[in-house]
Amino acid sequence: MAFRLSQDEWILCLEVYLRHRGRLPKENARAIRELSESMRRIRAALAGPSKRFRPPVGVLRRVLEFKHLDEKHVCAPKPKRAREVWNAFGEKPHAEIARIAEAIKKCTTAKEVREVEETDMEHNYSVVESRILTRVHAVRERDRTIVRLKKEKFQDENNGRLYCEACDFDFANRYPRHGDGYIECHHIKPLSELRPGEETTPDDLALLCSNCHRMVHYRRPWLDMRGLNQVLSRAEAR
C-alpha cells in the first residue's frame, strides 16, 4: 500500500537520488535499506512510535519519483511534495543536499523536535525546508534562558535599549510602558548546521521586531541577517 511522505523524507530520498544519479541502487542495496531506516526514525520523531515502517521496495519507488522529475516524464502525476522538494532543491549541488539530509538524520532524536506543537509551527513559519530542523530551530529561538541572556547582553552594549537589529524598531518607544522589554529572538545558524545537543550562545541569536522576524521565515530559503538588511535597503532606496 502506498504511503505519504513528510517533506523531510522526500529530502532524504532526493539526496539518495542525486548521490546515485545515473546508476540507481536496487531495493536490497545498502543505500535503500539505510534510507528506509532513516525514514522510519523521522516518522517516529514527527508522529510518535508506530509499528508502520517504510519498506525498501516502497522507498525505492519514492527515490525513482525524482528520476521521473529529472527526466521530465509526464506520463503520470507526481506527488505534490516531491515536486515541491525537486523545485526547491533539485538544481542544487549534491553536497548541499547531503548536509541538509545529514542534519535531518542527526536531529531525529533531538529533544527539541518533540517540544513544538504543529499549531505553533503553522503559525510561526510560512515555508519550511525541513520539519525536523525547523522544530529544532524554533525551540532554540524561544529558549527562555538564552533569550534572557541575549537581551541582557544587548542592553549592556546599547545603554539599556532593546531594538530590532535590522530596522531599529523599538517596542518601548512605539508602545510606552506596554512594550518595554519586548523583542523577538531569531536563531541565525543555518538549518543545515543544526546539531542535536549543541549549545546555543547569545551570539547565535539576533533581536528582531515581529515584522522582520516574520519576513526572515516567509520564503524559502530563509533570509539570513545580511539578506534581510539588503531587502530593507532596497525598500529605503525607493
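What's counted below: heavy atoms across the whole structure, side chains too, no hydrogens, waters or symmetry copies. Predicted, not measured: the structure shown is a model, and the values here were computed from it.
When the side chains of ILVMFWY residues are joined at heavy-atom separations under 4.5 Å, either directly or via intervening members, V57 and L5 end up in two distinct hydrophobic clusters.
For residues 138-165, the pairs satisfying ring-ring contact (aromatic ring centres under 6.0 Å, His included) are F154-Y163, with sequence neighbours left out.
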For L208 and M225: C-alpha separation, side-chain torsions, deciding distance, then whether side chain to side chain contact (heavy atoms under 4.5 Å, CB included) applies. CA-CA 10 Å; L208 297 176; M225 291 299 293; 3.8 Å; yes
Show, in sequence, the C-alpha distance, side-chain angles and deciding distance for N211 and F169, and conclude whether the side chain to side chain contact (heavy atoms under 4.5 Å, CB included) test is met. CA-CA 10 Å; N211 282 347; F169 184 87; over 6 Å; no
Carefully, step by step, assess V147 and R142 under the rule side chain to side chain contact (heavy atoms under 4.5 Å, CB included). CA-CA 7 Å; V147 167; R142 68 187 190 191; 5.6 Å; no
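The closest side-chain heavy-atom distance from D70 to W86 is below 4.5 Å. With contacts defined as side-chain heavy-atom distances shorter than 4.5 Å, the pair L35/C13 qualifies. Counting only heavy atoms from C-beta outward, the side chains of I42 and R131 never approach each other to under 4.5 Å. Between Q155 and L162 the shortest side-chain heavy-atom distance falls below 4.5 Å. Two residues are said to be in side-chain contact when any heavy atoms from C-beta on lie closer than 4.5 Å; R135 and L46 meet this criterion.
Legend: residues meeting salt bridge (Lys or Arg N to Asp or Glu O under 4.0 Å) with D156, ordered by chain and number and at least two apart, are absent. With sequence neighbours left out, R81 forms a salt bridge (Lys or Arg N to Asp or Glu O under 4.0 Å) with no residue at all. Residues passing the salt bridge (Lys or Arg N to Asp or Glu O under 4.0 Å) test with R195, sequence neighbours excluded: none.
A side chain to side chain contact (heavy atoms under 4.5 Å, CB included) with E65 is found for exactly one of K67, H68, R61, namely H68.
Looking at N229, its side chain never comes within 3.5 Å of a backbone N or O of R226 through a donor-acceptor pair. Side-chain atoms of R40 never come within 3.5 Å of backbone atoms of S36 as a donor-acceptor pair (strictly under, hydrogens ignored).
Shortest non-hydrogen contact noted between L194 and R140 is CD2-NH1, 3.8 Å. Closest non-hydrogen pair, K150 versus L207, comes out as CG-CD2, 3.7 Å. Considering every non-hydrogen atom in both A45 and V113, the closest pair reads O-CG1, 3.9 Å. Closest heavy-atom contact between L12 and K105: CD2-CG, 3.8 Å. Minimum heavy-atom separation, S130 to I11: CB-CD1, 4.3 Å. Between F66 and A82, the shortest heavy-atom distance links the atoms CE2-O, 3.5 Å.
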Would you give me the side-chain donor-acceptor pairs under 3.5 Å for residues 174-190, sequence neighbours excluded?
from: Y182; atom 1: OH; to: E184; atom 2: OE2; distance (Å): 2.9
from: E184; atom 1: OE1; to: H213; atom 2: ND1; distance (Å): 2.8
from: E184; atom 1: OE2; to: S210; atom 2: OG; distance (Å): 2.8
from: H186; atom 1: ND1; to: E141; atom 2: OE2; distance (Å): 2.8
from: H187; atom 1: ND1; to: K189; atom 2: N; distance (Å): 3.3
from: K189; atom 1: NZ; to: E198; atom 2: OE1; distance (Å): 3.2
from: K189; atom 1: NZ; to: E198; atom 2: OE2; distance (Å): 2.7

Pairs under 3.5 angstrom only: tabulate donor-acceptor contacts from the side chains of residues 93-102 to other protein residues two or more places apart or in another chain.
from: H94; atom 1: NE2; to: E15; atom 2: OE2; distance (Å): 2.8

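A donor-acceptor pair shorter than 3.5 Å can be found between the side chains of S6 and E9.
Expressed to the nearest 0.5 Å, how far CG of D143 lies from CG of L149 amounts to 9.0 Å.
Under a cut-off of 6.0 angstrom, the local environment of CD in E199 is sparse, with at most 12 non-hydrogen atoms contributed by other residues, nucleotides or ligands.
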